[in-house]
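Lettering follows sequence order; numbering is per chain, from 1. No experiment lies behind these values; they were computed from the predicted model shown.
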Number of protein chains: 2
Amino acid sequence: MKFLFSKTCEYAIRATLFIAQKSRDGSKVRIKEIAKGIDCPEYFIAKILHELSRKGLVMSLKGRTGGFYLKKRSLNYTLADIVRTIDGDKVFTGCGLGLKQCSEARPCPLHHEFKKIRKDIFEMLLGTKLGEFNEELEKNLLFLKT
Amino acid sequence: MKFLFSKTCEYAIRATLFIAQKSRDGSKVRIKEIAKGIDCPEYFIAKILHELSRKGLVMSLKGRTGGFYLKKRSLNYTLADIVRTIDGDKVFTGCGLGLKQCSEARPCPLHHEFKKIRKDIFEMLLGTKLGEFNEELEKNLLFLKT
DNA sequence: TAAATAAAAGACTAATTTGTCCTTTAATTT
DNA sequence: AAATTAAAGGACAAATTAGTCTTTTATTTA
């Protein structure tokens, strides 16, 4: 069983951070390089990036000098945007025990505990900008594949 | 996308808490009642409980007066036991970005944040005994279905 | 002992997620 | 303009997870 995000979403996050780093000088990154850089099947990440691109989270350009990149302003997007786009907001709102309705008024046994955990996750995602790790990735202090 | 546990695991937790409460006086609970009580397909929860029963987390008895129940000692089992049995320990150890190896020595960008979150989840599960909610469930202050 | 009842066991189906491939479209270079 | 290259787009296949059904086995009651 997965930990928190779908596989698709994990790849999406890794790809976006990879693009942020590689395109910080204005250059573009091709799918092949991204796939290699984050250890994801090439066709699969293509599909995922296509989605992120349609939603405007990453930019793309076709043709010979094409590839993916981030706009300066996109560096202010956060991981919360990526996660919401790919996985929806189950992570932010869903009940930990799967109740369709779970609220203060009618809580599951873990409602309050999960509320705190979800809040921590949400704040972490919301507080993490896409360009945030550029330097540490560059210096190989952080990694996007094993 | 799921929040944290598989559907199977969510049902497993809900069913176990239900059994804990209903069998606290020594009686047994039948699958039909459990399915109704936690809003889960009957055949599906049967399969899940069978698994929990084989692992010794819940007790079962066949035949006319049969059903599921917990041993006194089982009330000291925690949700961590249920989760580990059904979903394995991805929740406790897995990398949030899906890296196969993710460690202090070679961390993903969110390694430290996730470490804390996983710890919170683990402690919460480990600190929650199966019989813990019996009273509040009885009094309808907590719910196992919507 | 026979009938009734409940879980055990395991095969099977459906749905979702993950992953692959092929054709089209857009941009660039020669 | 033609050749090349890269993403767009969408069909398709594989794997995993969720859910259903049928037969067998154990226990109790009449």
Side-chain angles (χ1 to χ4, degrees), chain A residues 1-15 19 22-23 27-36 38-70 86-88 90-91 97-98 100, chain B residues 1-15 19 22-23 27-36 38-70 83 85-88 90-91 94 98 100:
Chain A
M1 168 62 189
K2 283 270 66 284
F3 171 42
L4 191 61
F5 308 129
S6 68
K7 212 122 198 283
T8 303
C9 188
E10 292 175 346
Y11 286 140
I13 294 175
R14 280 151 64 189
I19 294 168
K22 293 294 184 186
S23 74
S27 62
K28 276 153 261 157
V29 206
R30 279 160 300 157
I31 280 180
K32 203 167 286 238
E33 188 184 350
I34 299 169
K36 207 165 284 180
I38 68 168
D39 189 25
C40 174
E42 200 174 317
Y43 288 119
F44 196 27
I45 195 60
K47 194 187 201 175
I48 297 167
L49 284 174
H50 178 213
E51 168 85 3
L52 291 178
S53 153
R54 284 199 306 109
K55 295 282 174 62
L57 290 174
V58 305
M59 299 291 110
S60 76
L61 216 66
K62 287 185 179 180
R64 197 142 190 181
T65 58
F68 292 87
Y69 62 100
L70 296 190
I86 302 294
D87 276 351
K90 272 273 174 52
V91 179
L97 296 187
K100 284 176 211 97
Chain B
M1 168 63 189
K2 282 270 64 282
F3 171 42
L4 191 61
F5 308 129
S6 67
K7 214 118 197 286
T8 303
C9 188
E10 293 176 346
Y11 285 140
I13 294 174
R14 281 151 64 190
I19 294 168
K22 291 295 184 186
S23 73
S27 62
K28 276 153 260 157
V29 205
R30 278 161 301 157
I31 280 178
K32 203 167 285 238
E33 189 184 349
I34 299 169
K36 206 164 285 178
I38 69 168
D39 190 24
C40 173
E42 201 174 316
Y43 288 121
F44 195 28
I45 195 60
K47 194 187 200 173
I48 297 168
L49 285 174
H50 179 211
E51 168 86 2
L52 292 178
S53 153
R54 285 198 306 108
K55 295 282 174 62
L57 290 174
V58 304
M59 297 293 109
S60 77
L61 217 66
K62 287 185 179 180
R64 197 144 189 182
T65 58
F68 293 86
Y69 62 100
L70 296 190
V83 170
T85 297
I86 302 295
D87 276 351
K90 271 274 174 52
V91 179
K100 285 176 210 95

Is a side-chain N or O of B:S27 found less than 3.5 angstrom from the main chain of B:K22, in a donor-acceptor match? yes
In numerical order, the residues of residues 48-59 of chain B whose heavy atoms come under 4.0 Å of DNA chain D are none
OP1 or OP2 of D:dA18 under 4.0 Å from side-chain N/O of B:T8: yes
List the protein contact pattern of nucleotides 22-30 of chain D with one symbol per nucleotide (5' to 3'): B for base contact, S for sugar-phosphate-only contact, - for none; contact means a heavy-atom distance under 4.0 Å. B--BBBBB-
Please output the side-chain donor-acceptor pairs of residues 48-59 of chain A that fall under 3.5 Å, not counting sequence neighbours, one pair per line with the distance.
{"unit_1": "A:E51", "atom_1": "OE1", "unit_2": "A:R54", "atom_2": "NH2", "d": "3.0"}
{"unit_1": "A:E51", "atom_1": "OE2", "unit_2": "A:K55", "atom_2": "NZ", "d": "3.1"}

Can you tell me how far P of D:dT16 sits from CG of B:D87, to the nearest Å? 15 Å
Quick one: B:D39 CG to D:dA18 P, roughly how many Å, whole number? 16 Å
Without decimals, in angstroms, what is the distance between A:I45 CD1 and C:dC21 P? 17 Å
Integer-rounded Å distance: C:dA8 P and B:R30 CZ: 15 Å
List the steps, then state whether side-chain contact (heavy atoms from CB on, under 4.5 Å) holds for B:Y11 with A:L97. CA-CA 7 Å; B:Y11 285 140; A:L97 296 187; over 6 Å; no
Between C:dG19 (P) and A:E42 (CD): distance, integer Å: 14 Å
Answer yes or no: does a side-chain N or O of B:S60 lie under 4.0 Å from OP1 or OP2 of C:dA6? no
Round to a whole Å and report the spacing from CD of A:E33 to P of D:dA7. 10 Å
Within a strict 4.5 Å, meaning less than it, do heavy atoms of the B:D39 and B:R14 side chains meet? yes
Please tell me which of the listed nucleotides, D:dA8, C:dG19, D:dG19, lies nearest to the side chain of A:K47? C:dG19
Roughly, in whole Å, what's the span from CZ in B:F5 to P in D:dA18? 13 Å
Here the distance between atom P of C:dC21 and atom CZ of A:F44, to the nearest Å, is 14 Å
Consider the side chain of B:K7, meaning its heavy atoms from C-beta on, and name the nucleotide among D:dA18, C:dT18, D:dA7 that approaches it most closely. D:dA18
